[in-house]
2 protein chains.
Amino acid sequence: MGTASAIRVAALELFAARGYEGTTMADIGAAVGIRGPSLYKHVASKQDLLVELMTATMDGLLELHRAAVAGTDDPVERLRRAVDAHVRFHARHRLEAFVGASEMRSLAEPHRGTVLGKRAEYERSFRRLVEEGVAAGRFRVPSVRLASYAILDLGMGLATWYREEGELSENEVVWQQTEFALRLVGAE
Amino acid sequence: MGTASAIRVAALELFAARGYEGTTMADIGAAVGIRGPSLYKHVASKQDLLVELMTATMDGLLELHRAAVAGTDDPVERLRRAVDAHVRFHARHRLEAFVGASEMRSLAEPHRGTVLGKRAEYERSFRRLVEEGVAAGRFRVPSVRLASYAILDLGMGLATWYREEGELSENEVVWQQTEFALRLVGAE
DNA sequence: CCTACCGATCGGTAGG
DNA sequence: CCTACCGATCGGTAGG
């Protein structure tokens with residue numbers, strides 16, 4: 001692993017544990033065995049570390065999402081695959097998801113706007129999946145918007161309590177959350 | 001409204017918008033029309049503002065929860081009332097819930113341990129409600145723990161996207177989320 | 001990759 | 001409730 005990527009990993013863990021404002025460049029340097037000022041040979045700034053982390057996270061999530069829903073036309077199966085990708089991503093990238101949700105305020109413009117735009121696009125896509133299922137008579141929900149928020153919240157919440165060392169394997173959690181999502185929309 | 005409570009309101013809004021570390025005592029003072037140092041006539045420290053905010057939030061949530069489940073023995077109705085209280089609290093106290101979830105790391109010991117203990121107690125109580133329903137044959141869930149986490153996550157997520165000015169009233173959101181929770185546990 | 005350092009900012013205190 | 005100020009800390013630069 002190169003120094004630059006070791007720095008990114010250290011920054012992610014520290015941002016998650018202490019927050020962006022609570023993390024110093026000296027902290028990040030110490031985590032990879034160098035002094036704070038030496039970091040500037042590898043990264044442009046502390047803010048740049050946050051920008052890269054948050055945009056890469058949203059890009060990765062969107063890419064997985066598009067691949068997941070591209071394979072089939074059946075509304076139930078499309079939602080199932082989208083939830084699978086959503087939950088799996090949040091289980092595998094807990095820290096990224098947590099930082100992404102809690103450090104939006106530390107992200108400067110114009111990057112903040114970019115990330116918010118991608119997040120809105122992701123939400124719209126999920127809403128469309130629920131709409132398709134309703135239109136096809138396969139889902140029954142009181143509100144499409146609330147149902148899609150609820151499904152997204154299942155995955156985001158997971159990022160706060162899931163632990164790799166826990167008693168539940170990733171596949172078990174993914175399966176159960178997918179089941180919850182399908183129950184939630186009244187899938188038939 | 002007294003100065004002390006105006007200060008608490010301002011601190012809550014600023015902690016939610018900029019984070020605890022990103023908020024200065026001068027910011028809080030400016031929000032109530034005084035200078036930073038003058039705050040110390042009303043509060044002990046910046047940390048004390050966070051401690052009061054987070055403990056009061058968890059105490060309020062626990063109190064509402066206990067009152068909600070005390071009125072009936074029917075498992076379905078008990079869960080319905082608990083979810084109602086949970087969702088309503090998170091709709092009415094969005095900022096408190098958001099700060100409570102994102103600023104745990106800024107809370108110093110021993111208060112951090114106290115708040116974590118209360119949160120664990122709250123989670124256990126919800127888990128027990130789901131267990132009761134399963135034991136009575138009224139719920140069908142693959143995992144009691146995951147189902148209760150999922151229900152709790154519905155309310156916590158709401159704190160990030162709910163807006164009082166939005167198109168959905170508090171009662172509508174509460175009703176729909178309660179419906180989602182009951183679907184989630186396969187209530188009969 | 002380091003030390004030395006700059007300019008700015010912070011929480012909190014002194015003293016009125 | 002204020003100004004003046006302390007001691008500490010921060011992100012980033014200079015210069016090697």
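Just so we're on the same page: letters track the sequence lines, and every chain starts at 1.
For the OP1/OP2 pair of C:dC1 and a distance below 4.0 Å, the side-chain nitrogens and oxygens of A:Lys41 include no atom meeting the criterion.
Ion pairing between B:Arg145 and A:Glu167 holds under the 4.0 Å rule for side-chain N and carboxylate O. The residues B:Arg88 and B:Asp84 are annotated as salt-bridged, a charged nitrogen and a carboxylate oxygen being separated by less than 4.0 angstrom. With respect to A:Glu132 and A:Arg128, no salt bridge is recorded, no charged nitrogen being found less than 4.0 Å from a carboxylate O.
Ring centers of B:Phe126 and B:His86: under 6.0 Å apart, within the cut-off.
Nearest to the side chain of B:Ser38, among C:dA4, D:dC2, C:dG12, sits D:dC2. Of all nucleotides listed (D:dT3, D:dC1, C:dC2), C:dC2 comes nearest to the side chain of A:Ile34. Side-chain proximity of B:His42 to the nucleotides C:dG11, D:dT13, D:dC1 is greatest for D:dC1. Taking only side-chain atoms of A:Arg35, from C-beta outward, the nucleotide of C:dT3, D:dC2, C:dG11 with the closest atom is C:dT3. Checking D:dT3, D:dG11, C:dC2 against every side-chain atom of A:Thr24, the shortest atom distance belongs to D:dG11.
As rounded to whole Å, 12 Å separates atom P of D:dG11 from atom CD of A:Gln47. The CD-P distance, from A:Glu21 to D:dT9, rounds to 17 Å in whole Å. In this structure, B:Met25 places its CE atom 13 Å from C1' of C:dT13, rounding to the nearest Å. Atoms CG (A:Leu39) and P (C:dC1) sit 9 Å apart, rounded to a whole Å.
Among residues at least two apart or in separate chains, ring-ring contact (aromatic ring centres under 6.0 Å, His included) pairs with a member in residues 159-187 of chain B are A:Tyr149-B:Trp161.
Between the side chains of B:Ser125 and B:His65, at least one donor N or O sits under 3.5 Å from an acceptor N or O.
The stretch residues 104-113 of chain A has no heavy atom under 4.0 Å from DNA chain D, so no residue of it qualifies as close.
B:Thr3 comes within contact range of no nucleotide atom at all, as no heavy-atom separation falls under 4.0 Å.
Scanning DNA chain C for stems, defined as runs of 3 or more consecutive Watson-Crick or G-U wobble pairs whose donor-acceptor distances all fall under 3.5 Å, gives the following ranges: C:1-16 with D:1-16.
Atom CZ of B:Arg35 sits in a sparse spot, with 12 or fewer heavy atoms from other residues, nucleotides or ligands closer than 6.0 Å. Counting non-hydrogen atoms of neighbouring residues, nucleotides and ligands closer than 6.0 angstrom, the CD atom of B:Glu121 exceeds 12 such neighbours.
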Task: B:Glu103 and B:Glu21: CA distance, side-chain angles, deciding distance, side-chain contact (heavy atoms from CB on, under 4.5 Å) verdict - done: CA-CA 9 Å; B:Glu103 296 294 351; B:Glu21 299 266 10; 5.5 Å; no

